[in-house]
A.B. asks: 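The structure is given below, and queries will be raised subsequently.
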There are 2 protein chains.
Amino acid sequence: MDQAVIADEEFTPRQQAVLDCALQLLVGGGEKGLTTAGLARAANCSKESIYKWFGDRDGLLAAMIAHQASKVRAGADNAHAMDGEQFRAYLTDFAHDLLDVLAGDVSLALNRLAIGQASRSESRLGRLMVERGRRRIEARAMALLEAGKRRGYIRYEDREATYHTFYGLIVRDLHVRMLLGEAGARRPEQFAAMADEAVGQFFALFGTETE
Amino acid sequence: MDQAVIADEEFTPRQQAVLDCALQLLVGGGEKGLTTAGLARAANCSKESIYKWFGDRDGLLAAMIAHQASKVRAGADNAHAMDGEQFRAYLTDFAHDLLDVLAGDVSLALNRLAIGQASRSESRLGRLMVERGRRRIEARAMALLEAGKRRGYIRYEDREATYHTFYGLIVRDLHVRMLLGEAGARRPEQFAAMADEAVGQFFALFGTETE
DNA sequence: TGCGAAGAGTACCGAACGGTACGGTACAGC
DNA sequence: GCTGTACCGTACCGTTCGGTACTCTTCGCA
């Protein structure tokens, strides 16, 4: 809006290396751990190059978000003829992947960064975060739900609302608690069980088999 | 832990006024909008007094959280003989109150602050935030669930898990989206409908009336 | 009336950070 | 060999902010 929006165009390998280094610094020390001087030192590049490539600090942060989002690949949408068991397995996979993504170090650090800056400037980073990171996995879920409905495994009226309910059943308050740094909230070994339970509840609400 | 933990003891009225002013600054400008000099100017007090009262900046932030938490009053737990309709109404009230609290300006600002600082220092503020703000409303919900179970309106095994599911049905991904500054996420006029729907889904999962 | 505590207002210090400028170096193309 | 380009490393600048010190006023109290 106020500036040329960072497009999907790839950065040079050198720039990507710098961005990865920046992400690492951000994960390690939070927003205060990511300074231009520190990044230049850690990435063996000059501050001048950083400013030449990304404009200013906000441009760097936006580039980091775009770069990280470009690395997340949406799971292939194998919507071939699936039976009910496969559909349930796909939903469970999605739930598990969602929990894994949200609990990732880089994801948490970037979300913390975007949230910390959300108060002012109408949150340009927050918008980027939602559009780049969220839409992708959301689209995967939407396609999955649509396929399940078409085959009669589930029924619903509003697809968006249904997805949001599914999301709530999976994530609950885990995301915010992880963002707050609550150590007990990150238990990846329980993600499988949590995904199973969420899918079970989702079928209880929207399934067509029993009831 | 590392310092004398701020207890519930009340601050002096003068100090509370300063804390309220600090909260206002935080709401208005985010973390960067809250500086000691700015607070001193806005609250007509001296920086030296701020440091004398609260120690350092972290102490001020912790005091702000404690102060704000002390203002949130948990709804009276009217667990008298209630019928199913009343129980459902209580749950709906809880859901609506929860959405209102999470969407509040001060709550969002404090959560953003705590999340922004959660990366380092093992998130002392985050812990404070969870313990002070969350436990209270959580306790109210727990008591409500317990009463509903005792009277046979709902059934469940794990009370904590049941509460978390209820929370997920109510909040979905709204909280994080509001924290990210997504304008479309704050629609207080829809909170009533959302609370209704969440309670309906909750009963579909845990209710005993119509299987 | 004198005294001491509390606190406002201000000046100040040191450190950190964003951003810029400059010198030095490797390399590609001619 | 000459020149332009890209880039590293570093020094530098202006600003901001956390935190401290000092003065002056107010007010309670004996």
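Proteins get letters first, then strands, A, B, ... in listed order; numbering begins at 1 in each.
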A.B. asks: What integer distance in Å separates A:R14:CZ from C:dC27:P?
C.D. replies: 15 Å
A.B. asks: Taking the side chain of B:K47 as heavy atoms from C-beta outward, which of D:dG19, D:dC8, D:dT10 is closest to it?
C.D. replies: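 From the listed options, D:dG19 comes nearest.
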A.B. asks: D:dC17 C1' sits how many Å from B:D58 CG, rounded?
C.D. replies: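 So the CG-C1' distance, B:D58 to D:dC17, works out to 14 Å.
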A.B. asks: Using whole Å, report how far NZ of A:K32 lies from P of C:dG18.
C.D. replies: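 Nearest whole value for this atom pair: 10 Å.
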A.B. asks: Tell me the interatomic distance from A:K52, atom NZ, to D:dG9, atom P, rounded to whole angstroms.
C.D. replies: 15 Å
A.B. asks: Is there a side-chain contact between A:I170 and A:M194 (heavy atoms, below 4.5 Å)?
C.D. replies: no
A.B. asks: When you compare the side chains of A:R57 and A:T36, does any donor N or O come within less than 3.5 Å of an acceptor on the partner?
C.D. replies: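 Per modelled atom types, A:R57 and A:T36 side chains form no pair under 3.5 Å.
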A.B. asks: For residues A:E31 and B:Q117, is any side-chain donor paired with an opposing acceptor at under 3.5 Å?
C.D. replies: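 No - no donor-acceptor pair under 3.5 Å links their side chains.
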A.B. asks: In terms of side-chain heavy atoms of A:W53, which of C:dG19, D:dC8, D:dG19 is nearest?
C.D. replies: D:dC8
A.B. asks: Does any part of the side chain of A:H67, heavy atoms only, come nearer than 4.5 Å to the side chain of A:Q16, both counted from C-beta?
C.D. replies: yes
A.B. asks: Using the side-chain heavy atoms of A:S49, tell me which of these nucleotides is nearest: D:dC7, C:dA8, D:dG19.
C.D. replies: D:dC7
A.B. asks: To the nearest Å, give me how far apart CZ (A:F11) and P (D:dC7) are.
C.D. replies: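 Computing the A:F11:CZ to D:dC7:P distance gives 14 Å.
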A.B. asks: Is the distance from OP1 or OP2 of D:dG18 to the nearest side-chain N or O of B:T36 less than 4.0 Å?
C.D. replies: yes
A.B. asks: Respond yes when some side-chain nitrogen or oxygen of B:R41 is under 4.0 Å from OP1 or OP2 of D:dC17, and no when none is.
C.D. replies: no
A.B. asks: Looking at side-chain heavy atoms only, is the closest gap between A:F87 and A:I154 below 4.5 Å?
C.D. replies: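 A side-chain contact under 4.5 Å exists here.
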A.B. asks: In this structure, how many angstroms lie between the C1' atom of C:dA16 and the CG atom of A:L34, rounded?
C.D. replies: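 After rounding, the gap between these two atoms is 14 Å.
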A.B. asks: Rounded to whole Å, how long is the line connecting atom CD1 of B:I50 with atom P of D:dG19?
C.D. replies: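 Taking CD1 of B:I50 and P of D:dG19, I get 11 Å after rounding.
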A.B. asks: Which one, C:dG9, D:dC8, C:dT20, comes nearest to the side chain of A:E48?
C.D. replies: D:dC8
A.B. asks: Identify which nucleotide among C:dG9, C:dG18, D:dC17 has an atom closest to any side-chain atom of B:S46, counting heavy atoms from C-beta outward.
C.D. replies: C:dG9
A.B. asks: Which sits closer to the 5' end of DNA chain C, A:Y51 or B:A43, going by the nucleotide each is nearest to?
C.D. replies: B:A43
A.B. asks: Closest approach to the side chain of A:R57, judged atom by atom: which nucleotide of D:dC8, D:dG18, C:dG19 is it?
C.D. replies: C:dG19
A.B. asks: B:L60 has an atom CG; how far is it from atom P of D:dC17, in whole Å?
C.D. replies: 15 Å
A.B. asks: Heavy atoms from C-beta onward define the side chain here; which of D:dG18, C:dA8, D:dC8 lies closest to that of A:C45?
C.D. replies: D:dC8
